[in-house]
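As structure tokens, the structure follows; a few thoughts come after it.
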Amino acid sequence: MPDQSIPEARPPALDEESSSELKEGTTEVEVGASEVEEVDVGASEVEEVEEGAFETARSVEGLTRRKLLGTAGATGLVLGAAGGVVGYTAQPSRATPLTSVGADEVMFHGKHQPGITEGLQARGHLVAFDLAAGAGRKEAAALLRRWSQTARRLMAGEAAPHDDTDVARDAGPSSLTVTFGFGHSFFGRTGLEKQRPVALDPLPDFSSDHLDKKRSDGDLWVQIGANDALVAFHALRALQKDAGDAARLRWQMNGFNRSPGATSHPMTARNLMGQLDGTRNPKPREADFDQRVFVPESGTPAWMANGSYAVVRRIRMLLDDWEKLSVSAQENVIGRRKSDGAALSGGTETTEMDLEKTDAKGNLVVPINAHARITRPDQNGGAAMLRRPFSYHDGFDQDGVPDAGLLFVCWQADPLRGFVPVQRKLDRGDALSQYIRHEASGLFAVPGGAAEGEYVGQRLLEG
């Protein structure tokens, strides 16, 4: 996989006054050291495509004439595209600009909705609403119009259009994304049954399901992600208030990922089992990426052009049982090394898995029921999906068992060709299945992005 570098922020030049004030025994802090970043869209790392089509980070400017002092023995401060400026002293007379984390902005308007191809965010909320009794197409259209206006403003780092709570007053956009989708029941509630996509038919039952219906499905679905917890909560609260009398909350789930800049170099995220998660995600640079993830412009129904389908699953990890396994046993369950994500057949994380390789005793190096073997697209008729999850932890039960796991979100052009065949195969013999439990589920049609002057879903609701 070729490296894709994020532009290097230029280091500020210290003026003579600042230079003369550097005290003996201190080290001048270096800003702007570049990090070469290879990143995967969606369920792994922050992705910046070679052509620049999916820019997710911006250089920080305006740091000139600033005194940046480190303590004795300091080796320097790196300002990465996904990291923040820390440990510096600014002249009191000058305003301090946002760090790169706070300044990062994702555009609301576009061909696709935000929150699909952007990299993993540190905080997330998944929320489902049901339309209120008596609310129909007219009320739904007004709600989506309000939600789109609020999302556009908040993603730009602005206050909510009315009754802002000031929770995020001091923060920038922080890579906030807001994504809207429609559940199967939405179309009956709004009299739009003829516009309901066939791909939105309910998912089949799976043997591993232990689903809580109260935390599944819903008329409307909202995905919120940001690299700051307060920014994410601010958006959640603003959208909930916007719902007013038109819709009521059905369920809500809170998630998290590793914070940007927490590792020495960008890498695939780890889940709560400690495994690298998302190595084989499809990449936008691949020729068939759009075909796998997005509904084509010529697809049906027409209002779903450039949209996608999101499968949402709350997957509880049975961590007490998992953590009793040795590292080698865990690796056999997954089919990859825990340390670096490389396949058990050898190489690095991105080395192609050798499914036929055997050890000295003639046993397959990658077990026949290993999770990574079963989920490979070439083992499922080419089925692929863009995974973009959040981890979650909702405390402990009365026995002290952690209620923790994965808020699994995957994107595909058609769930009947993406999620369903893979999950059916996992149902038949995945070694990981005894350490996880699917507790909630939803399938949502996520229309294409709103053009300037439009709101999300307008082509459906006003078509």
Side-chain angles (χ1 to χ4, degrees), residues 41-42 47 49 51 53-55 106-118 137 140-145 147-149 151-152 155 177-203 218-223 281-312 382-388 409-420 442-463:
V41 161
E47 170 96 14
V49 180
E51 294 81 1
F54 296 98
E55 181 181 4
V106 180
M107 297 297 103
F108 175 75
H109 295 292
K111 183 177 181 180
H112 310 296
Q113 283 198 63
I116 302 175
T117 58
E118 287 76 24
R137 181 174 177 177
L143 174 57
L144 267 297
R145 188 180 295 109
W147 273 353
S148 295
Q149 180 188 21
R152 180 189 60 77
M155 285 175 55
T177 61
V178 182
T179 318
F180 302 107
F182 304 116
H184 185 275
S185 57
F186 176 82
F187 297 84
R189 301 291 303 276
T190 55
L192 292 167
E193 293 95 335
K194 293 183 179 180
Q195 291 296 323
R196 181 165 52 211
V198 174
L200 201 58
D201 285 351
L203 297 173
D219 294 343
L220 293 159
W221 176 68
V222 183
Q223 175 190 255
N281 249 353
K283 315 296 188 299
R285 63 174 174 268
E286 295 171 356
D288 60 352
F289 178 83
D290 280 2
Q291 178 184 343
R292 292 180 172 189
V293 177
F294 295 111
V295 176
E297 293 187 4
S298 59
T300 57
W303 65 268
M304 273 296 291
N306 300 314
S308 188
Y309 292 90
V311 173
V312 181
M385 47 199 159
L386 177 63
R387 302 172 71 261
R388 197 174 182 276
V409 182
C410 71
W411 301 89
Q412 59 257 281
D414 183 350
L416 296 179
R417 293 186 291 109
F419 174 79
V420 172
L443 171 61
F444 303 95
V446 177
E452 292 282 351
E454 287 186 348
Y455 63 85
V456 174
Q458 183 169 332
R459 281 163 278 180
L460 167 65
L461 292 164
E462 298 185 13

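What you see below is based on every heavy atom in this structure, not just the backbone, and it leaves out hydrogens, waters and symmetry mates.
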For the backbone of [Y] and the side chain of [X], can you confirm whether one donor and one acceptor N or O come within less than 3.5 Å of each other?
{"X": "Trp303", "Y": "Gln195", "value": "yes"}
{"X": "Gln458", "Y": "Ala450", "value": "no"}
{"X": "Gln113", "Y": "Val446", "value": "no"}
{"X": "His109", "Y": "Gly449", "value": "no"}
{"X": "Arg459", "Y": "Ala302", "value": "no"}
{"X": "Gln412", "Y": "Tyr309", "value": "yes"}
{"X": "Ser308", "Y": "Phe294", "value": "no"}
{"X": "Gln291", "Y": "Asp288", "value": "no"}

Write down the atom of [X], the atom of [Y], and the distance for their closest heavy-atom approach.
{"X": "Pro197", "Y": "Phe187", "answer": "CD-CZ, 4.0 Å"}
{"X": "Gln223", "Y": "Gly115", "answer": "NE2-O, 2.9 Å"}
{"X": "Pro114", "Y": "Thr179", "answer": "O-OG1, 2.6 Å"}
{"X": "Leu460", "Y": "Arg137", "answer": "O-NH2, 3.9 Å"}
{"X": "Ala199", "Y": "Pro415", "answer": "O-CG, 3.2 Å"}
{"X": "Phe108", "Y": "Ala151", "answer": "CE1-CB, 3.7 Å"}

Can you tell me how far the [atom1] atom of [X] sits from the [atom2] atom of [Y], to the nearest 0.5 Å?
{"X": "Phe180", "Y": "Leu143", "atom1": "CZ", "atom2": "CG", "answer": "8.5 Å"}
{"X": "His184", "Y": "Arg196", "atom1": "NE2", "atom2": "CZ", "answer": "3.5 Å"}
{"X": "Leu386", "Y": "Ile116", "atom1": "CG", "atom2": "CD1", "answer": "8.5 Å"}
{"X": "Glu286", "Y": "Asn281", "atom1": "CD", "atom2": "CG", "answer": "9.5 Å"}
{"X": "Thr177", "Y": "Met107", "atom1": "OG1", "atom2": "CE", "answer": "12.0 Å"}
{"X": "Phe186", "Y": "Leu200", "atom1": "CZ", "atom2": "CG", "answer": "11.0 Å"}

Query raised in the report: Among pairs that include at least one residue of residues 184-193, which meet salt bridge (Lys or Arg N to Asp or Glu O under 4.0 Å), considering only residues two or more places apart or in two chains?
Result: Arg189-Asp219
Query raised in the report: Taking only residues two or more places apart in sequence, or in another chain, which ones meet Ala141 in a side chain to side chain contact (heavy atoms under 4.5 Å, CB included)?
Result: Tyr455, Leu461
Report task. Report the C-alpha separation of Phe444 and Val312 in whole Å, then their side-chain angles, then the decisive distance to 0.1 Å, and conclude whether the side-chain contact (heavy atoms from CB on, under 4.5 Å) test is met. Result -> CA-CA 8 Å; Phe444 303 95; Val312 181; 4.1 Å; yes
Requested in this report: Check step by step if side-chain contact (heavy atoms from CB on, under 4.5 Å) holds for His112 and Thr117.
Outcome: CA-CA 9 Å; His112 310 296; Thr117 58; 5.5 Å; no
Query raised in the report: Between Lys111 and Glu297, does a side-chain contact (heavy atoms from CB on, under 4.5 Å) hold up when you go through it step by step?
Result: CA-CA 10 Å; Lys111 183 177 181 180; Glu297 293 187 4; 3.9 Å; yes
Query raised in the report: Yes or no on side-chain contact (heavy atoms from CB on, under 4.5 Å) for Leu443 and Phe419, after CA distance, side-chain angles and deciding distance?
Result: CA-CA 10 Å; Leu443 171 61; Phe419 174 79; over 6 Å; no
Query raised in the report: Do Leu144 and Leu220 have side-chain heavy atoms sitting under 4.5 Å apart?
Result: yes
